[in-house]
Amino acid sequence: MNRDEAWSLVQSKVTNRNLQKHMLATEACLGALAARLGGDEAIWRLAGLVHDLDYEQTKDSPAQHGLMAAEMLAGQGVGLEVTQAVKSHAGNAPVESLLDKVLFAVDPVTGLVVAAALMHPSKKLAEVTTDFIMRRYGERRFAAGANREQIATCSSFGMTLEDFVSTCLSAMQSVSTELGL
Ligand SMILES: [Fe+2]
């Protein structure tokens, strides 16, 4: 499945624009992290782009989240590495491969970065710095939905929290137009 096909599929299954943006942000982060950690960039980006494909269909049945997406992807020539990561990020398969671990840790970071942009006086992602995010990271009310324990699992692939947040921030800044930030 090439990028255009994947994006068309996302748009056909996901109607919420913010959720689409979350998937675009995850794609960008996975791309940057593949380059950093020696992953296959095209495969990692694809996993990020499609990871919440079934979110709207499974929001009332979380036990199906990821599994339904894997089914949607199975007939489309998407490799096992991607479907496995999609299932495991939702907690419905074990987190095993490096890609599984990275997707799991990245998922909540995008919310953290978006929250930082929205609370920045400029409201612009371009103006946000890693320092700005890290100063607020410990405040429970800042990006309350962004699970800190999950983000901290970046240590399982050898990245410090600051390095991880910084890499994701730069990746999201590179697609700020698409993200509307
Ligand atoms: Fe997600």
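When a ligand or atom number is given, it counts from 1 through the structure's own listing order.
Of the angles at the Fe ion (ligand 1), the one spanning NE2 of His51 and NE2 of His22 is 90° when given to 10°.
With respect to the Fe ion (ligand 1), Asp107 has OD1 as its nearest N, O or S atom. Looking at Asp52 and the Fe ion (ligand 1) together, the shortest N, O or S contact belongs to OD2.
A salt bridge is absent between Lys87 and Asp100; no separation between the charged side-chain nitrogens and carboxylate oxygens falls under 4.0 Å.
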- Item | side chain to side chain contact (heavy atoms under 4.5 Å, CB included) evaluation trace for Leu9 with Met1 | CA-CA 10 Å; Leu9 183 63; Met1 175 180 276; 3.8 Å; yes

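Using bins of under 30°, 30° to 60° and over 60° for the plane-to-plane angle, the ring pair His120/Phe132 lands in the tilted bin.
Between Phe142 and Arg148, the shortest heavy-atom distance links the atoms O-NH2, 2.6 Å.
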